Amino acid sequence: MSEETKNQEVEVNQEEMDQFVSLKKGDTVKGSIVKLEDNQAYVSIGYKYDGVIPIRELSPVHLDNASDAVQVGQEVECKVVSIDDEKEKLVLSKRAIDSENAWEELEKHFEAQDVLEVTVADVVKGGLVADVGVRGFIPASMVERHFVEDFSDYKGRTLRVKVKEIDRENNKVILSAKDVLEEEFEANKLQVMSQLQEGQEIEGTVQRLTQFGAFVDVGGVDGLVHVSEMAWNHVEKPADVVSEGDKVKVKVLKVDPEKGKISLSMKAAQPGPWDSAAEKFNTGDVVTGEVKRLVTFGAFVELAPGVEGLVHISQISHKHIGTPQEVLKEGQEVQVKILDINTAEKRVSLSIKETEEAPAAAPRPERASKGNSNHKDELKDNPNVSLSNQGLSITLGERFGDKLSKFK
């Protein structure tokens with residue numbers, strides 16, 4: 001072996017020795033992933049043997065496999081956790097370095113309240129977990145604007161979040177995707193509302209139903225269709241008319257940017273029942289209707305959805321009645337005659353009794369004069385009775401004259 005070769009070997013051995021001597025626990029090293037196993041990754045850092053990163057030291061979040069965090073050939077920066085040259089075991093931690101670098105960035109994001117993208121690494125009780133250099137937690141209530149019952153399909157999704165809370169001392173980072181969605185929603189809401197005009201007719205999608213109406217999405221913003229504005233006829237509950245996901249045509253009734261409210265109407269976007277009432281009904285027609293309401297002065301009868309007419313109490317029955325309830329009940333089907341119709345004023349006068357035949361007049365009782373004829377005949381032959389126009393009279397002088405003479 002030449003002297004030059006010996007000198008080169010000494011230099012190499014010296015470099016290895018220098019590196020070995022200088023490598024200690026806590027050092028930061030850089031290397032390349034050379035091999036992957038399910039629960040660990042091997043890293044070449046130029047040392048006399050490769051270092052190992054256990055799966056728990058690859059990421060601050062739970063991993064099923066090492067390949068979920070790194071790939072062969074990837075450059076990584078790690079911290080030396082332990083060295084055992086006798087067993088040729090060098091344990092490294094990528095997580096430790098990532099964490100140190102992450103806190104400063106997270107604090108900047110927190111101060112600026114800007115948006116960052118994260119990938120959901122795991123679904124746990126109460127929310128989602130994401131790797132942001134440290135373990136970031138997204139509570140269930142901060143994932144969406146709406147309630148989510150099952151988060152099982154969120155793993156692997158990319159979410160846009162804001163740093164909601166940060167506590168380096170306790171290694172705690174709370175993220176919120178809902179804050180981003182709310183901010184974007186409000187910005188879009190203002191834009192959409194600025195473009196809406198009262199009286200405008202647009203198409204929307206039914207988002208959800210309540211007891212008092214339906215919320216309809218009109219361009220990313222929900223407007224309310226009150227139950228009274230769902231149809232021209234009476235609607236008991238919104239589910240009787242629409243279902244979630246239905247496409248509906250609505251008319252904008254009112255836009256209130258300050259309160260962020262939009263009032264919509266489905267029935268106003270449809271032809272009104274009175275628009276065609278003049279063609280369907282005429283004075284003198286006899287039609288079938290349904291008693292909708294009973295009031296003291298009569299009954300309101302529906303001739304067609306949204307078209308009601310009044311049967312005045314005097315037009316309900318041929319006989320005298322004190323209240324409409326005596327002969328009618330709500331929901332009853334009746335025949336009515338149209339006495340008058342005014343579609344411009346949305347008024348119809350109806351009659352029930354004119355559809356029925358009037359009862360025959362009761363026979364009048366005979367006078368008692370005939371029964372007294374014999375009695376009159378008897379009185380006519382009586383000389384003491386006068387049947388003059390002045391009435392019946394008996395002359396006292398003629399009746400008792402002979403007896404009164406003795407008192408003269």
Side-chain angles (χ1 to χ4, degrees), residues 144-150 185 189 192-193 196-256 259-281 285 287-296 298-311 324-325 328-336 338 341 343 345-348 350 352:
E144 301 284 357
R145 292 182 61 247
H146 56 272
F147 173 75
V148 178
E149 187 172 354
D150 184 10
F185 173 79
K189 185 176 183 178
V192 171
M193 293 182 76
L196 289 177
Q197 300 293 327
E198 292 183 8
Q200 180 181 356
E201 292 188 4
I202 50 179
E203 188 179 80
T205 305
V206 178
Q207 292 296 306
R208 55 194 174 93
L209 303 180
T210 66
Q211 290 182 338
F212 53 84
F215 284 94
V216 177
D217 183 337
V218 285
V221 180
D222 288 350
L224 174 64
V225 179
H226 191 267
V227 66
S228 63
E229 292 293 334
M230 302 194 81
W232 287 106
N233 57 305
H234 175 72
V235 177
E236 199 68 40
K237 55 183 184 296
D240 292 339
V241 182
V242 293
S243 302
E244 291 182 4
D246 284 356
K247 299 287 185 182
V248 293
K249 189 176 182 180
V250 293
K251 187 173 186 176
V252 180
L253 298 181
K254 187 177 181 182
V255 180
D256 189 341
K259 294 183 179 180
K261 293 183 178 180
I262 302 171
S263 298
L264 305 171
S265 174
M266 288 170 55
K267 74 178 186 182
Q270 305 166 356
W274 288 94
D275 296 337
S276 56
E279 300 176 3
K280 295 171 68 175
F281 305 110
D285 288 351
V287 296
T288 302
E290 181 183 339
V291 177
K292 285 296 185 181
R293 290 175 290 140
L294 295 175
V295 292
T296 55
F300 285 95
V301 175
E302 185 182 63
L303 306 181
V307 178
E308 289 185 0
L310 173 65
V311 182
Q325 285 85 350
L328 297 175
K329 60 182 179 180
E330 292 182 0
Q332 181 180 343
E333 193 174 89
V334 292
Q335 291 284 313
V336 292
I338 299 175
I341 181 167
T343 55
E345 296 182 8
K346 299 180 180 179
R347 188 178 68 244
V348 184
L350 305 171
I352 293 176

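Heavy-atom basis, side chains included; hydrogens, waters and symmetry copies ignored. Computed from a predicted structure; not experimentally measured.
When the side-chain hydrogen bond (donor to acceptor under 3.5 Å, both in side chains) test is applied to Asp256, no partner is found at least two apart in sequence or on another chain. Glu203 meets the salt bridge (Lys or Arg N to Asp or Glu O under 4.0 Å) test with no other residue; sequence neighbours excluded. Under the salt bridge (Lys or Arg N to Asp or Glu O under 4.0 Å) criterion, Glu229 pairs with no residue at all, not counting sequence neighbours. When the salt bridge (Lys or Arg N to Asp or Glu O under 4.0 Å) test is applied to Arg208, no partner is found at least two apart in sequence or on another chain. With sequence neighbours excluded, the residues forming a side chain to side chain contact (heavy atoms under 4.5 Å, CB included) with Ile202 are Leu196, Gln200, Val218, Val250, Val252, listed by chain and number. Not counting sequence neighbours, Ser243 has no partner by the side-chain hydrogen bond (donor to acceptor under 3.5 Å, both in side chains) test. Legend: residues meeting salt bridge (Lys or Arg N to Asp or Glu O under 4.0 Å) with Lys237, ordered by chain and number and at least two apart, are Asp240. With sequence neighbours excluded, no residue satisfies side-chain hydrogen bond (donor to acceptor under 3.5 Å, both in side chains) with Lys259. Checked against side-chain hydrogen bond (donor to acceptor under 3.5 Å, both in side chains), Glu345 has the following partners two or more places apart in sequence or in another chain: Arg347. For Ala304, the side chain to side chain contact (heavy atoms under 4.5 Å, CB included) partners are Lys280, Phe281, Val307, not counting sequence neighbours.
Annotation for Thr210 and Phe215: closest pair CG2-CE1, 3.9 Å, computed over non-hydrogen atoms. Of all heavy-atom pairs between Val227 and Pro238, the closest is CG2-CD, 4.2 Å. Among all heavy-atom pairs drawn from Thr205 and Gly245, the shortest one is CG2-O, 3.8 Å. For Thr343 against Ala277, the heavy-atom pair with the smallest separation is CG2-CB, 4.1 Å. Scanning both residues, Val255 and Met193, for their nearest heavy atoms gives CG1-CE, 3.7 Å. Pro305 and Pro273 make their closest contact through O-CB, 3.0 Å (heavy atoms, listed as atom of the first residue, atom of the second, distance).
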* Asked: Passes side chain to side chain contact (heavy atoms under 4.5 Å, CB included), Lys329 versus Val291? Steps please.
  -> CA-CA 7 Å; Lys329 60 182 179 180; Val291 177; over 6 Å; no
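Counting heavy atoms from C-beta on, the side chains of Ile352 and Leu328 come closer than 4.5 Å. A heavy-atom distance below 4.5 Å is not found between the side chains of Val216 and Ile262. Side-chain atoms of Lys292 and His234, non-hydrogen and from C-beta on, never get closer than 4.5 Å to each other. Between Met230 and Val242, the closest side-chain pair of non-hydrogen atoms falls below 4.5 Å.
Applying the salt bridge (charged side-chain N to carboxylate O under 4.0 Å, His left out) definition to pairs two or more places apart or across chains, those involving residues 243-254 are Glu201-Lys249. Screening residues 214-227 for side-chain hydrogen bond (donor to acceptor under 3.5 Å, both in side chains), with sequence neighbours left out, gives His226-Ser228.
The line from CG of Leu303 to CG of Asp285 is 10.0 Å long, rounded to the nearest 0.5 Å. From Glu333, atom CD reaches atom OG1 of Thr288 across 5.5 Å, with rounding to the nearest 0.5 Å.
A donor-acceptor pair is defined here as one N or O able to donate and one able to accept, closer than 3.5 Å; such a pair exists between the side chain of Lys189 and the backbone of Gly260.
Residue Glu198 qualifies as enclosed at atom CD: its count of foreign heavy atoms under 6.0 Å is above 12.
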